[in-house]
Amino acid sequence: MELKELYELKLQAKEPFDLNLTLSCYSFNWWFNGRAGVIPLLEEPMTVAVVSGSNLEVEVKVFGVEQVDVEKQLRWILGLDEDLSDFYSKVERDPLLREVPKTLRGMRMRALSPWNALLVAICQQNASFMQGWRMLSRIYKLLGAEVNVEGLKTIIPPGPGKLLSDDAKVKLREAGAGYRAEVIVEAAKRAREGLLKEASSLSPSRAEDVLREVKGIGSYTARLTLVLSMRMYELLPLDRWLKRLAEEVYGVEDAEKELKARWGRWCGLATYFTTVVLDAEVISEALRRALSGEVKPKPYAGRPTPLTMWMHEWR
DNA sequence: TGCCAGGCGGGGT
DNA sequence: ACCCCGCATGGC
């Protein structure tokens, strides 16, 4: 499918803003190529934005089949109006996150659609960074929609409907999803009934409860979904990885209590940045690095990391 | 080869 | 409220 260009616009961000960091983080190579980022916006009518330019001015080209106003959505996705100054001052001296206001200054988390965020979160369950993202890349390749914009091939993540098609379970197994396949399909059913829309209208804590109604979605997956799609940062998505890290780095027994005290209403975003600064290393290496103060992401680690995964082929 | 990894639910106490 | 186990899969 080839999408035609509809119109262009320019956006300004609240300072400090770093477009390159914002686009490169947790991007597959079909979403970022080192200069431009592709942002899927709407499934129906199919609409995609291509984003490039400088930190001072973000240039946007909107591709699709019919005229749609996407400015507000795009500002939200790129976090252009998000003020991180309070977060930065909170983590300035944090042994895990002290590099965020420096090395990663101006980087925003790109928001995902609620359904795509849930899919991402399920793929992180009981899996390493590499396994989770490899699984996800295969799901996109097998079930997503390939679209051309400006001669670039990109992939639109599959919506809930696609995950409910006859061959979806087979393809999920093929993608290596294992027992998560059932969870994804169950979640897709509920998503089609409006589960995520409902969650987005509630308080974070109520939203978590609603998402947990789905069998296979627990606290971690629900909270991560709220972080990635709704910028609801106050609930901490605590997995074994972060729990171990916090226990060792801060020398405490109750990781959740400690992290809440340190990160406050920024817990979710802080979790996201923790994986970035430690290059999503497996726990043994992440621990070694954190304890020896190596909390700056490596420019090139030789393997995919959150910041460099766009440089790699995923198959 | 086993064993384990950014969870989870079910069944035990 | 805990603790413990199995669960698909892939990587080492």
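Computed from a predicted structure; not experimentally measured. Each chain gets a letter, A, B and so on, in the order the sequences are listed, and its residues count up from 1.
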Find the distance Lys215(A):NZ to dG11(B):P and express it as a whole number of Å.
9 Å
With distance as the sole test, does Thr47(A) use its side chain to make a donor-acceptor pair with the main-chain N or O of Gly64(A) at under 3.5 Å?
no
Pairwise C1' distance, dG6(B) and dC2(C) [rounded to whole Å]:
23 Å
Does OP1 or OP2 of dA5(B) have a side-chain N or O of Arg240(A) closer than 4.0 Å?
no
Aro-ring/base stack Tyr179(A)-dA8(C), d under 5.5 Å, angle under 30°:
no
Please confirm whether any donor atom in the side chain of Arg134(A) sits under 3.5 Å from an acceptor in the base of dG10(C), or the reverse.
no
Please state how far atom OH in Tyr220(A) lies from atom C1' in dG9(B), giving the value in whole angstrom units.
18 Å
Could you state the CG-C1' distance from Leu235(A) to dG6(B), rounded to the nearest angstrom?
17 Å
If you assign Arg212(A) and Thr275(A) each to the DNA chain B nucleotide with the nearest heavy atom, which residue ends up on the more 5' nucleotide?
Thr275(A)
Return the value, rounded to whole Å, for the distance between atom CD1 of Ile122(A) and atom C1' of dA5(B).
18 Å
Would a distance-only check, ignoring hydrogens and angles, find a side-chain to backbone donor-acceptor pair under 3.5 Å from Tyr272(A) to Leu224(A)?
no
Side-chain donor/acceptor of Arg75(A) to backbone N/O of Gln12(A), under 3.5 Å
yes
Would you mind reading off the distance between Leu211(A) atom CG and dG9(B) atom P, rounded to a whole angstrom?
12 Å
Rounded distance in Å between the P positions of dG11(B) and dA8(C)
16 Å
4.5 Å side-chain heavy-atom contact, Pro157(A) and Trp115(A):
no
Please identify which of these residues, Phe28(A), Trp31(A), Phe32(A), meets the side-chain contact (heavy atoms from CB on, under 4.5 Å) condition with Met309(A).
Phe28(A)
Just how far, in rounded Å, is P of dC4(B) from CD of Gln125(A)?
20 Å
With heavy atoms under 4.0 Å as the rule, sort Ala280(A) into base, sugar-phosphate or nothing.
base
Would you mind classifying the nucleic acid contact of Gln131(A) as base, sugar-phosphate or nothing, using non-hydrogen atoms under 4.0 angstrom?
base
Spacing of Arg138(A) atom CZ relative to dG11(C) atom P, expressed in whole Å:
6 Å
Would you indicate, yes or no, if dC8(B) has its OP1 or OP2 atom less than 4.0 angstrom from a side-chain nitrogen or oxygen of Thr221(A)?
yes
So Ile283(A), base contact, sugar-phosphate only, or nothing? Heavy-atom distance under 4.0 Å.
sugar-phosphate
Spacing between Glu186(A) atom CD and dG9(B) atom P, to the nearest angstrom:
12 Å
